[in-house]
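Before any comments, here is the structure.
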Amino acid sequence: MLIVDSMIQTLTEQVFKALVNQSKFSLEFSGQFKQMKTGLDLARALLADTENLNHKNETVRAGLSNLKEVIYKADDVLTDCLVRDEYTKDASWAVNLLHDPFFYHRTGKKLRDINRHMKEIEKTLGRFLKAPDSIHADDSYQVRGIMSQDWNPTDTIGLDEDVEKIKSWMFDTTKPLHRIGIVGMGGLGKTTISQKIFHDVKVLAHFDKMIWVCVSQSFSAERIMRSILERLEENVSGFGLTQILRKIQGGLKGKRCLIVMDDVWSHTEVDWWTNLCSVLPEQNSCIIITTRNEDVAISMGVESSRIHRPNTLNDDESWSLFSKFAFSSSRGICTDDQFENLGKELLKKCGGLPLAIKTIGSLLASKIKSPSQWRDVLESFHALTREGKASSVMASLRLSYDELPPFLKQCMLCFSIYREDAEISADQLIHWWVGEGLVQGKGSKTAIEVGYEYLAELISRCLVEIVQQRGFDGRVYKCKIHDMVREMIIMIAEEEEFCSFSEQSRQKLTANSRWLSFIDEMDEKSLKYSSKLRAMLLMSSRRFEFDRISGFLRSLRMLDLSNCTVDETCVKDLFNWISSLKRLASLNLSGIQALKEVPSSIHKLLNLQLLILNGCSHLEKIHPSITNLKKLIILDLVGCPIQYLPQGLGRLSYLQELSGFKVVNQHRRQCFQLLEIKELIHLRVLRMHISDVAVITDNELDVLSQLKMLKVLAIDAEDCREKDVFEMLDKLTPPPSLQELYLRYYRRETLPSWVNPKQLSRLKYLCVENSDLVNLSSGHPAWKVEGLCLKYLMKLDLQWKDLEKDMPALRYMEISHCYKLKDFPCSVIESGIWRKNQD
């Protein structure tokens with residue numbers, strides 16, 4: 001499905017919501033917005049004509065491109081209207097911030113132009129595309145048995161350990177029916193591993209019946225079972241599903257059976273699979289499932305401990321496989337150092353992916369007498385993937401991309417602007433998705449929570465790799481993509497007109513670019529001609545001249561300038577420019593050392609939803625006008641030496657995450673105090689800092705308990721040594737829905753009295769660091785805590801058996817520098833990690 005379809009769906013939902021809610025602007029322009037919704041519905045219906053879209057001519061291509069352009073313009077108008085509507089609900093803001101007598105006249109004209117253009121485009125597309133009466137998914141299906149020519153044992157390199165590991169599972173006599181999953185990206189060798197097992201001498205001797213079924217993207221349960229029956233050399237004609245199952249059961253009765261279900265894409269229908277498994281002989285039989293999606297394997301009954309994830313080939317294995325194909329005329333032997341050096345440079349581009357190595361090796365085999373031709377291939381590797389010279393690799397990876405639901409496709413393409421081998425911050429990526437509207441909240445879940453689900457889905461489908469993650473629940477901190485996946489999404493991102501790239505796969509800035517990773521080789525002046533940009537990451541290490549782009553890039557939704565080089569003279573230019581970006585939703589200025597103050601001009605960013613300032617080690621003041629940013633959902637000030645936040649922050653009623661809040665004395669006026677925090681009723685995450693000057697009064701002791709949606713609470717008392725302050729902390733009433741609690745530098749021998757299983761009945765994770773804690777026992781019924789982190793607790797005296805009794809649900813634990821812990825199943829001195837299934 002096309003990206004434009006996802007864009008239409010998102011815009012339609014926003015327009016519909018505005019009409020239903022009867023926003024002021026939707027009443028003013030009711031006719032235009034109803035016409036827009038009708039036009040969007042028709043456009044989406046036309047895009048359902050997939051048969052003609054797959055063979056789209058130049059007119060259709062141009063029409064789709066124009067349709068995207070109109071959708072972007074409509075999104076700009078709708079954003080302006082939504083922002084204005086949000087703020088006009090409060091008269092004090094409306095007068096000061098939104099004085100524009102020509103707004104309605106200008107907006108009306110824009111909407112009429114948009115609807116007129118949309119009608120013209122749909123008329124053009126309607127000549128080639130037909131809106132169907134109803135849309136049915138293609139349920140075509142192909143099943144084939146494995147043939148002898150499918151298997152070439154000489155093609156395999158570096159798979160022996162994979163095969164032996166899976167064989168050890170297969171021959172394990174403790175399980176009656178083995179279900180094994182092989183999960184990985186396209187071209188990684190899942191099928192090859194299965195083939196090698198299928199033809200293994202010991203495997204052949206062990207099983208009485210062996211059946212291979214190759215499953216394509218869509219499937220029919222009946223055809224799969226007919227295929228199995230055919231492999232049993234049974235007549236399948238005229239039988240219904242129940243009879244086929246009975247025949248399969250009869251054909252396998254009393255026999256040890258191996259069934260390989262190769263290349264399974266989805267598992268939405270459970271009954272047929274349950275029925276099939278129920279007729280299989282359980283004694284020492286085995287099912288192997290290969291898939292690109294881990295969730296598919298799990299849904300088919302594979303335990304996570306029986307999922308094998310093949311690694312990419314190492315340098316030596318890559319060279320051996322490459323040599324078999326590139327030097328096939330000399331029996332896989334390279335006798336020329338020049339070819340070897342060029343070949344190994346090319347292998348770096350393949351990233352250990354077997355299918356890519358075979359494809360490139362085969363391509364170069366015909367050029368074995370010409371080093372210059374090899375060098376040309378190396379220098380134009382990116383172009384090769386686009387011209388189809390590596391089509392088998394791209395086709396394989398493209399299948400995984402095409403299988404993504406529309407809302408994930410655009411998220412996946414965002415990876416295209418990161419440099420090769422980049423380790424990408426999950427927070428940065430998800431903030432981008434949220435800022436540009438690619439991810440939105442669903443029900444009780446915030447947009448950030450949904451964003452992490454989207455990223456987990458891309459990882460599950462083996463398109464994204466984990467670099468760093470949290471041990472307790474697997475939450476991703478950093479990720480990356482394989483070089484060949486990057487080549488694939490670069491190609492699609494260009495097709496979809498999000499960005500452009502050179503032959504060396506470096507991003508080029510053009511007038512039509514929507515996303516940009518700004519690097520050293522680019523010139524700030526060129527940004528003046530890129531008015532369509534919606535997202536920009538500054539990846540340049542040199543000083544950026546913000547005064548040269550003042551007044552430009554008005555369509556930006558996401559701007560990430562984290563750790564960029566800015567001196568004090570540039571800060572004013574920086575905010576002069578930023579304050580003109582009225583549609584900006586996500587702003588990251590983290591790590592900018594020259595930033596000492598957030599000025600009053602910040603109030604102009606009426607659409608701002610995420611403001612990330614962590615690590616700005618000289619930031620001392622934020623202007624009170626920040627309290628005007630009514631749409632703000634995340635404010636991150638961790639690591640900033642700000643003594644207090646401005647009074648009135650409680651007006652930011654949509655705020656979901658507040659990090660870096662310092663508790664202050666109530667006598668300090670004009671500052672945000674703990675009492676005011678109860679107004680932030682949507683707060684999910686609160687990270688607060690306590691110092692010696694902090695005062696918590698009696699009327700503030702229960703404010704946290706009023707935050708009904710708070711899930712994460714972190715209290716850092718590094719700058720506090722006053723006994724009175726800790727006594728105040730001990731009297732707090734905790735939030736009822738808390739799931740994660742972090743206590744740092746809590747200089748008491750026991751936990752706060754409210755940290756107990758009764759008051760924190762939903763707590764899943766507890767982290768205590770740098771504390772004087774002596775005893776961890778709460779004296780209450782057992783905890784439901786599943787994850788525990790204990791670090792630098794030099795005085796904590798605890799037996800493992802006592803902890804097991806207090807926390808029977810514990811499944812993950814991190815320990816470091818806790819010298820008095822006894823009989824623990826992991827190191828308590830250096831970094832020790834324990835997982836329940838490894839005990």
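Quick note: residue numbers are just sequence positions, from 1.
- With contacts defined as side-chain heavy-atom distances shorter than 4.5 Å, the pair Arg292/Arg461 does not qualify.
- Other residues, nucleotides and ligands contribute at most 12 non-hydrogen atoms within 6.0 Å of the NZ atom of Lys805.
- Scanning both residues, Cys826 and Met813, for their nearest heavy atoms gives SG-CE, 4.2 Å.
- Summarising the geometry of Ala297 relative to Val183, their closest heavy-atom pair is CB-CG2, 4.3 Å, with the distance given to 0.1 Å.
- Between Tyr792 and Glu769 there is no side-chain heavy-atom pair separated by less than 4.5 Å.
- Using cut-offs of 30° and 60° on the angle between ring planes, the pair Phe327 and Phe322 is perpendicular.
- A heavy-atom distance below 4.5 Å is found between the side chains of Ile307 and Ile298.
- Smallest separation of non-hydrogen atoms from Asp483 and Lys348: OD2-O, 3.4 Å.
- Ring geometry for Trp212 against Phe198 counts as perpendicular: the plane angle is over 60°, on a 0 to 90° scale with 30° as the lower cut.
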List the steps, then state whether salt bridge (charged side-chain N to carboxylate O under 4.0 Å, His left out) holds for Asp263 with Lys190. CA-CA 9 Å; Asp263 199 22; Lys190 303 181 296 296; over 6 Å; no
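- Within a 6.0 Å sphere centred on CG of Asp315, other residues, nucleotides and ligands contribute 12 heavy atoms or fewer.
- Between the NZ atom of Lys255 and the CE atom of Met210 there is a distance of 15.0 Å, given to the nearest 0.5 Å.
- Looking at heavy atoms from C-beta onward, Trp273 lies in side-chain contact with Ile287 at the 4.5 angstrom threshold.
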What's the verdict on salt bridge (charged side-chain N to carboxylate O under 4.0 Å, His left out) for Glu164 and Lys167, showing C-alpha distance, side-chain angles and the deciding distance? CA-CA 5 Å; Glu164 291 304 316; Lys167 282 167 59 181; 3.3 Å; yes
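- By the neighbour-count criterion of 12 heavy atoms within 6.0 Å, atom NZ of Lys202 is sparsely surrounded, having that number or fewer from other residues, nucleotides or ligands.
- Of the possible polar contacts, none joining the Glu814 side chain to the Cys789 backbone as a donor-acceptor pair under 3.5 Å is found.
- The 12-atom threshold is not exceeded at NZ of Lys478, counting heavy atoms of other residues, nucleotides or ligands nearer than 6.0 Å.
- Without hydrogens or angle criteria, Arg811 side chain to Phe472 main chain gives a donor-acceptor distance under 3.5 Å.
- Scanning all heavy atoms of the two residues, the minimum distance from Pro757 to Pro781 falls at CG-O, 2.9 Å.
- To the nearest 0.5 Å, atoms CG (Leu353) and NZ (Lys358) are separated by 10.0 Å.
- Counting heavy atoms from C-beta outward, Leu280 and Ser285 have side chains that stay 4.5 Å or more apart.
- Between atom CG of residue Leu821 and atom OG of residue Ser827 there is a gap of 10.0 Å, rounded to the nearest 0.5 Å.
- Looking at Arg475, Arg470, Lys764 one by one, the single match for salt bridge (Lys or Arg N to Asp or Glu O under 4.0 Å) with Glu740 turns out to be Arg470.
- We find the CG-CD1 distance between Asp200 and Ile166 to be 11.5 Å, quoted to the nearest 0.5 Å.
- For the pair Leu347/Ile357, a side-chain contact is recorded, criterion being any heavy-atom separation below 4.5 Å from C-beta on.
- A donor-acceptor contact shorter than 3.5 Å links the side chain of Thr291 to the backbone of Val264.
- Enclosure of atom NZ in Lys165 by more than 12 non-hydrogen atoms of other residues, nucleotides or ligands within 6.0 angstrom is indicated.
- In this structure, the ring of Tyr454 has its center less than 6.0 angstrom from the ring center of Phe407.
- Inspection of the Ser460 and Asn293 side chains reveals an N or O donor paired with an N or O acceptor under 3.5 Å.
- Using cut-offs of 30° and 60° on the angle between ring planes, the pair Phe415 and Tyr418 is tilted.
- Under the 4.5 Å side-chain criterion, counting only non-hydrogen atoms from C-beta, His206 is in contact with Arg256.
- By the 4.5 Å heavy-atom criterion applied to side chains, Leu810 and Val785 are counted as neighbours.
- Counting all heavy atoms, side chain and backbone alike, Cys414 lies closest to Leu429 at CB-CD1, 4.4 Å.
- Relative ring orientation between Trp169 and His308 is described as perpendicular, the plane-to-plane angle rising above 60° on a 0-90° scale split at 30° and 60°.
- Taking NE2 from His817 and CG from Leu796, the interatomic distance works out to 14.5 Å, rounded to the nearest 0.5 Å.
- What you find for Ile182 and Ser194 is that their closest heavy atoms are CD1-OG, 3.5 Å.
- With rounding to the nearest 0.5 angstrom, the NZ atom of Lys247 is 10.5 Å from the CG atom of Leu232.
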